[in-house]
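In what follows, a structure is listed as structure tokens, so that the remarks can point back to it.
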Amino acid sequence: MDKAVVDRIAQFEGQEVLLQGWLAAKRSSGKIHFLQVRDGTGTIQCVLVKANAVEDEFAAADRCPQESSVEVVGVVRKDARSPIGFEVDASRFRVVSAAEPYPISPKDHGTAFLMEHRHLWLRSRRQHAILRVRATIIRAIRDYFDNNGFLLVDTPILTPAACEGTTTLFELDYFGEKAYLTQSGQLYNEATAAAFGKVYCFGPTFRAEKSKTRRHLMEFWMVEPEMAFADLVENMRVAEEFLAYVVGRVLDERRTELAVLERDIKPLEGVQAPFPRIHYRDAVAQLRTHGSDIPDGDDFGGDDETILTKLYDRPIIVHHYPTAVKAFYMKRDPDDPTHCLSMDVLAPEGYGEVIGGGQREESLEVLRAAIAAHKLPEEAFGWYLDLRRFGSVPHAGFGLGVERTVAWICGLPHIRETIPFPRMLEKITP
RNA sequence: UCCGGCUUAGCUCAGUCGGUAGAGCAGGCGGCUGUUAACCGCCGGGUCGGGGGUUCAAAUCCCUCAGCCGGAGCCA
């Protein structure tokens, strides 16, 4: 007898199969049990009729608590009444392990309760949909770079110093020396780009910011491409092509999941390159005509991003941010050093910044001055400055936050559901 | 870190003017051969977040601490 899986149930039509999973829910009419069995790939209704069942097994099914692990033997049958088009006419039923009373019922629960039971919450339909979309986004990210001449060259997670010195780091003891969890692969990417031309790194990053918002995690995944012989314009071109590709892949492969999430896909279908490109100064001017009181030379607040993105039907690229609000390695605009060759991609519908990047400073002298101006210790950047001594070239890159991208594409109100076990401000359990 | 709000049964919540605790769901028992958050009947279930205060009397008013939720700043 074959083992069947729910997401490929059609190929088992008419066959007797073994189904292994968990009892997600059940209903009964006395002599007929309707058992909703979730096997990880999906949920299917197994119909156990008393007249056709082993007596003990029918009684066991009646008593079986929610989320018990079970095995069902039965014949796969097409059924128009089923949401997935198929049911199993069960003949055998076995409880592998009976569950204790399950805390997550089919009814309403509050956020705090669900977060405390995140390890169980992951079993629910909505979480399945989100994490499947996440998996597709990650696969699409890898496919885009792998298929466009980028080499995956991963950067370290344990680092000796701040990449940017602008945000708080998680500090740890490295055999008696201070080390930090990485906040970006950026600086190492510049080294690998000088070795391989076009590279990307992809992994978790850590920021010990005391940020408590719907858009922040302490631990999040970031993909960061870096390109030698590339300028700001090329960087923007790659960013928009890349992002449009990722959204397109989700639309191609995850319609069912987006429907579960009740995501309006119209705005996603509009995510086509090119994206509107707006100089920072023009963005500020637009904001002011729409009620923002943003001062000159300031970075955007969350409200500003929302106001700005709602003026467009697709993601927008804001470029040439003020030099003062960006990291030391950003190349200054040769025509206006108060602004730099940076760019952010802001997602529509109020989701805001999902990509940040820019062209890097390639001049040794300018970079050393920038390190000094940011009051960073030059000795910590010795190897990084070497990159400007041995064949420096114009180069550019960006970073995309995976969880923000998942939240946007899924249409979620909060980033906490976009990763299996979110690390939030002062919350690390489960 | 700052500003709001919340905390009552396993869960989601109600609880009037301060007078000693309620519903739905979940759980248990019984019924039902097509249920889709099934339905019907019965039952068990409470340190009202902790501590302190006011009062004859506090879930209710006051103080304080904690936890959580939302927002700001910072950022992807």
Side-chain angles (χ1 to χ4, degrees), chain A residues 24-36 43-53 58 62-63 65-67 77 79-84 87 89 99-117 120-121 124-125 163-164 166-169 182-186 204-224 239 298-305 321 325-327 344-347 351-357 398-408 413-416 418-419 424-427 429:
Chain A
K26 70 168 193 254
R27 288 173 286 276
S28 175
S29 296
K31 295 192 177 65
I32 178 167
H33 296 322
F34 300 100
L35 310 168
Q36 318 298 324
T43 300
I44 192 167
Q45 174 160 281
C46 300
V47 184
L48 189 64
V49 177
K50 188 172 190 180
N52 306 331
F58 189 82
D62 196 28
R63 287 191 307 268
Q66 184 186 358
E67 287 302 327
R77 173 175 46 76
D79 193 310
R81 291 167 293 190
S82 163
I84 62 168
E87 291 189 340
D89 281 328
E100 294 178 22
Y102 191 64
I104 301 179
S105 69
K107 287 267 183 167
D108 299 335
H109 295 285
T111 302
F113 177 80
L114 290 170
M115 286 305 295
E116 282 162 20
H117 295 82
L120 301 177
W121 190 21
S124 72
R125 179 173 142 89
C163 283
E164 304 181 6
T166 56
T167 50
T168 316
L169 300 171
T182 181
Q183 62 181 337
S184 164
Q186 160 69 38
T205 49
F206 308 86
R207 298 198 185 170
E209 294 159 9
K210 299 266 183 183
S211 299
K212 183 173 151 45
T213 80
R214 65 179 65 188
R215 300 169 52 195
H216 285 86
L217 295 168
M218 303 300 107
E219 173 182 318
F220 66 98
W221 285 65
M222 185 156 68
V223 59
E224 296 175 273
D298 226 9
D299 211 344
F300 299 143
D303 287 348
D304 294 321
E305 283 187 1
Y321 280 82
V325 303
K326 290 293 180 183
D344 284 358
V345 179
L346 308 182
Y351 282 93
E353 185 178 352
V354 291
I355 284 177
F398 59 86
L400 171 122
V402 169
E403 287 74 18
R404 284 190 183 176
T405 304
V406 176
W408 162 47
H414 199 293
I415 200 168
R416 66 185 151 223
T418 62
I419 186 168
M424 319 256 291
L425 184 62
E426 289 168 12
K427 177 154 179 62
T429 307

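Quick note on labels: first sequence line is chain A, next is B, and so on, each numbered from 1.
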Mind checking if A/T205 touches a base, just sugar-phosphate, or nothing, with heavy atoms under 4.0 Å?
nothing

Kindly write out the residues that satisfy salt bridge (Lys or Arg N to Asp or Glu O under 4.0 Å) with A/E305, not counting sequence neighbours, or none if the list is empty.
A/R215

Run the side-chain hydrogen bond (donor to acceptor under 3.5 Å, both in side chains) test against A/T111 and tell me which residues pass, sequence neighbours left out.
none

For a quick check, tell me whether the side chain of A/R404 and the base of B/rC75 share a donor-acceptor pair closer than 3.5 Å.
yes

Go through B/rA26, B/rA76, B/rC32 for me and flag the one nearest to the A/K31 side chain.
B/rC32

Once base and sugar-phosphate atoms are separated, protein heavy atoms under 4.0 Å mark nucleotides 34-39 of chain B, 5' to 3', with B, S and - as BBBBB-

Using a 4.0 Å heavy-atom cut-off across all strands, classify A/H216 as base, sugar-phosphate, or nothing.
base

Base, sugar-phosphate, or nothing for A/I355, non-hydrogen atoms under 4.0 angstrom?
sugar-phosphate

Looking at B/rG70, I'd like to know if its phosphate oxygens (OP1 or OP2) sit under 4.0 Å from a side-chain N or O belonging to A/R416.
yes

For B/rC74, does the base pair up with any side-chain atom of A/S211 as donor and acceptor (N or O, under 3.5 Å, distance only)?
yes

Under 3.5 Å between N/O atoms: give me all the protein pairs with nucleotides 43-45 of chain B, atom names plus distance.
none

For A/Y321, give me all partners under ring-ring contact (aromatic ring centres under 6.0 Å, His included), at least two apart in sequence or on another chain.
A/Y280, A/F300

Excluding sequence neighbours, so at least two apart, what forms side-chain hydrogen bond (donor to acceptor under 3.5 Å, both in side chains) with A/E67?
A/R38, A/R123

Using a 4.0 Å heavy-atom cut-off, does A/K212 contact any base of the nucleic acid, only the sugar-phosphate backbone, or nothing at all?
base

Any base atoms under 4.0 Å from A/H414, or only sugar-phosphate, or nothing? Heavy atoms, all strands.
sugar-phosphate

Exam field: side chain A/T182 to backbone A/T205, donor-acceptor pair closer than 3.5 Å:
no

Heavy-atom count around A/K427 NZ within 6.0 Å, excluding the residue itself: above 12?
yes

